[in-house]
2 protein chains.
Amino acid sequence: MGNGRVTVVDIAKAAGVSKSTVSLVLQGSPLVNEATRAKVTAVMRELGYVYNRGAANLRQSGANSKIIGVVVNDLTNGFFAELAVGVDMVVQSAGFVQFLANTSENLDRQREVIASMREHGISGLIVSPARGTKASDLKPLVAAGIPVVVAVRQVPGAKVSSIVSDNHDGLFAAVRHLVALGHRRIAFLGGFRDTAVFMERLQGYRDAMAGCDLTPDEALVIDAGPSRAGGFDAIGRALALADPPTAAVCFNDAVAFGACDGLRAAGIEPGKDFALIGFDDVIEAKTAVPALTTISVDPQGMGRRAAQLLLKQISAGKPEAEAIVASVRLVVRESCGAPATPETAQAPQAG
Amino acid sequence: MGNGRVTVVDIAKAAGVSKSTVSLVLQGSPLVNEATRAKVTAVMRELGYVYNRGAANLRQSGANSKIIGVVVNDLTNGFFAELAVGVDMVVQSAGFVQFLANTSENLDRQREVIASMREHGISGLIVSPARGTKASDLKPLVAAGIPVVVAVRQVPGAKVSSIVSDNHDGLFAAVRHLVALGHRRIAFLGGFRDTAVFMERLQGYRDAMAGCDLTPDEALVIDAGPSRAGGFDAIGRALALADPPTAAVCFNDAVAFGACDGLRAAGIEPGKDFALIGFDDVIEAKTAVPALTTISVDPQGMGRRAAQLLLKQISAGKPEAEAIVASVRLVVRESCGAPATPETAQAPQAG
DNA sequence: CTGTTAGCGCATTCAA
DNA sequence: TTGAATGCGCTAACAG
């Protein structure tokens with residue numbers, strides 16, 4: 001029945017030893033008699049003692065708090081939830097705990113949570129930054145010698161480690177794939193133009209189109225929210241064009257799902273009458289649309305790598321983190337054999 | 001250029017006052033001269049001072065750490081991610097921060113993270129328990145006077161507040177709805193039998209079936225993982241029955257999505273040739289399958305309510321939390337006009 | 001209104 | 001091997 005707060009002195013008293021001895025037992029020091037250690041641990045269990053990391057951390061000059069902060073821009077998005085899970089895995093395994101906050105793309109909130117985390121003495125930070133995050137937002141952290149790794153989105157001038165997917169090459173490969181299948185009118189659907197990720201992917205799209213001697217048509221680039229609803233909207237606008245596409249590569253899987261919904265609503269079967277490729281790997285993408293080709297970036301793996309990167313920096317005690325960019329491998333998982341020519345696409349068309 | 005760690009004495013020295021004065025400024029005390037307060041805050045900003053909550057908390061006898069722990073059984077599931085987001089909202093607004101951990105349904109890990117959270121001095125805990133969680137797992141917390149609220153799943157003998165959805169009535173209503181549409185062979189798909197949630201929902205299903213004079217057929221109760229893959233599997237087994245169902249209510253939305261996939265794979269259009277109802281509210285359920293009827297329980301709202309419940313207990317300083325059960329309202333959002341009789345099911349569509 | 005003193009729970013010297 | 005001091009950064013009492 002451990003009621004109130006039990007401290008080392010309490011258990012020292014009860015075990016008939018001094019506080020220091022208890023402290024040594026706590027950190028598994030080999031300098032303590034096995035018999036006394038057993039007695040101490042027994043008393044600890046009996047009295048319901050709980051280690052006070054705050055106090056310990058305070059004494060150790062605030063070095064390692066064993067807590068790492070994780071801030072994501074949208075936990076509602078399966079991708080970022082998986083990312084957080086990946087981080088959590090290695091963080092927990094390393095004996096750390098995770099301070100997780102969701103910013104909902106809100107810069108003010110992001111500032112708040114990061115400040116709050118600093119007050120709690122995080123020993124490192126992993127952040128999937130909100131749109132518009134500037135290097136100055138991360139500056140105080142690195143100035144204080146707190147390791148920071150940025151994931152998913154890059155922050156322009158920040159001197160921190162980062163891990164992002166190879167957006168350009170991923171989209172480049174996707175477009176080449178579609179062209180190889182015979183498609184010539186290929187749309188790029190979804191995403192916000194003011195993000196670096198969008199521009200990188202768009203550039204991959206454009207480069208691939210240009211490399212295949214396809215006439216660039218800006219009307220085929222349709223930005224929309226990076227969500228299912230956005231995809232639904234985007235495909236609708238695409239199909240409404242005078243010269244609609246026969247294939248599309250989507251900003252992410254959520255958009256691709258929405259595009260599937262939209263195609264079905266228009267009486268077009270995705271993967272059969274229309275080729276679709278999605279970027280990113282939201283939960284269980286393969287069962288969502290069996291015929292959907294995806295460029296996969298494993299969010300959990302990304303989270304794990306980010307965490308490993310951070311832990312390495314923490315243990316290295318490196319004050320200023322170098323700017324390391326780790327590319328994630330992109331792979332086309334399934335082949336999508338959609339017909340390409342206008343003749344085959346004309347059948348049940350719903351212009 | 002705030003380099004090393006700046007403390008109150010540093011800023012006191014720089015501002016030409018004493019530590020206490022700085023402390024008073026920190027907590028916004030009205031007992032300090034406006035001029036000195038301005039000077040102190042200016043120096044704080046200049047030196048890049050960061051408040052050390054650990055030390056403050058230590059001095060205050062470990063009362064309020066301003067951190068609340070959140071443990072969920074599966075952050076990969078959109079429902080729980082949304083739940084965490086809901087919690088985060090009110091927690092952040094109240095000036096607290098969230099310690100979030102994912103247990104992946106692992107009891108050992110759950111014990112670990114809860115222990116870790118205690119060491120860090122959480123002032124409250126919200127937990128969506130892993131399968132098999134026993135009251136004894138929460139006992140130490142309540143014994144230590146730490147408020148705990150259990151969400152989503154109940155823990156049998158635990159003397160803690162809890163917030164769960166009205167599983168029985170939700171499923172009861174769903175079945176009645178399908179019966180009203182003319183269905184008689186109604187399956188119950190997905191979920192694990194060893195959870196209280198499953199049994200409650202199953203009981204609702206059975207009670208509704210019995211109330212409608214429908215012969216109970218245990219073959220129509222098909223358990224499977226509460227995931228998209230599980231739903232895909234379950235519907236496959238259902239359709240393979242000698243006397244297959246014409247409608248189904250699913251354990252959750254993920255299962256329902258999987259069931260949709262399975263139906264389509266079998267050439268059956270969900271919401272047209274087969275009526276489907278999903279429980280729970282995963283992200284953007286409405287766009288996933290336009291015709292899918294859902295029993296909705298808003299996970300974010302649930303998270304918010306859980307957090308409010310917890311904060312109330314924290315502020316009330318209530319040592320032993322009473323067992324409060326808060327029901328969540330369940331609503332059928334859309335009507336699903338699926339044909340019921342075998343005769344109409346063979347025609348393309350029936351009025 | 002501001003300065004002084006004294007710990008919060010722990011780990012780290014130093015002696016014994 | 002173990003016990004007695006000391007201080008981490010901060011707040012809570014009282015003094016001035």
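Because only heavy atoms are used, hydrogens play no part in the values below, and waters and symmetry mates are left out as well, while side chains stay in. A quick note: this is a predicted structure, and the numbers were derived from the prediction, not measured.
For DNA chain D, the neighbouring residues in residues 7-17 of chain A, judged by any heavy atom under 4.0 Å, are V17(A). Residues of residues 31-45 of chain A that place a heavy atom closer than 4.0 Å to DNA chain D, in numerical order, are L31(A), V32(A), N33(A), T36(A).
Residue T21(A) is in sugar-phosphate contact alone, with no base atom involved, counting any heavy-atom pair closer than 4.0 Å across all strands shown.
In terms of position on DNA chain C, the residue among R53(A) and P30(B) whose nearest nucleotide sits closer to the 5' end is P30(B). Comparing S20(B) and A55(B) by the nucleotide of DNA chain C that holds the closest heavy atom to each, the one mapping nearer the 5' end is S20(B).
Note: NZ (K19(B)) to P (dG3(C)) measures 11 Å, nearest angstrom. A straight line from CG of N52(B) to P of dG9(C) spans 16 Å, rounded to a whole angstrom. R59(B) places its CZ atom 15 Å from the P atom of dC10(C), with the value rounded to the nearest Å. Protein atom CD of E119(B) is 10 Å distant from nucleotide atom P of dC10(C), rounded to whole Å. Atom-to-atom, CG of L58(A) to P of dT6(D) comes out at 18 Å; the value is rounded to the nearest Å. Atom OH of Y49(B) and atom C1' of dG9(D) are 8 Å apart (whole Å). Counting to the nearest Å, the C1' atom of dT4(C) and the CG atom of L24(B) are 13 Å from each other.
Here the side chain of T21(B) pairs no donor or acceptor atom with the backbone of V17(B) at under 3.5 angstrom. Between the side chain of S93(B) and the backbone N or O of M89(B), at least one donor-acceptor pair lies under 3.5 Å.
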### Task
Go ahead and write out DNA chain C as dot-bracket, 5' to 3': ( ) for pairs within the strand, [ ] for ones crossing earlier pairs, | when the partner sits on another strand, dots for unpaired; Watson-Crick or G-U wobble, both distances under 3.5 Å.
|.||.|||||||||||
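One finds no side-chain N or O of Q27(A) lying less than 4.0 angstrom from the OP1 or OP2 phosphate oxygen of dC10(C).
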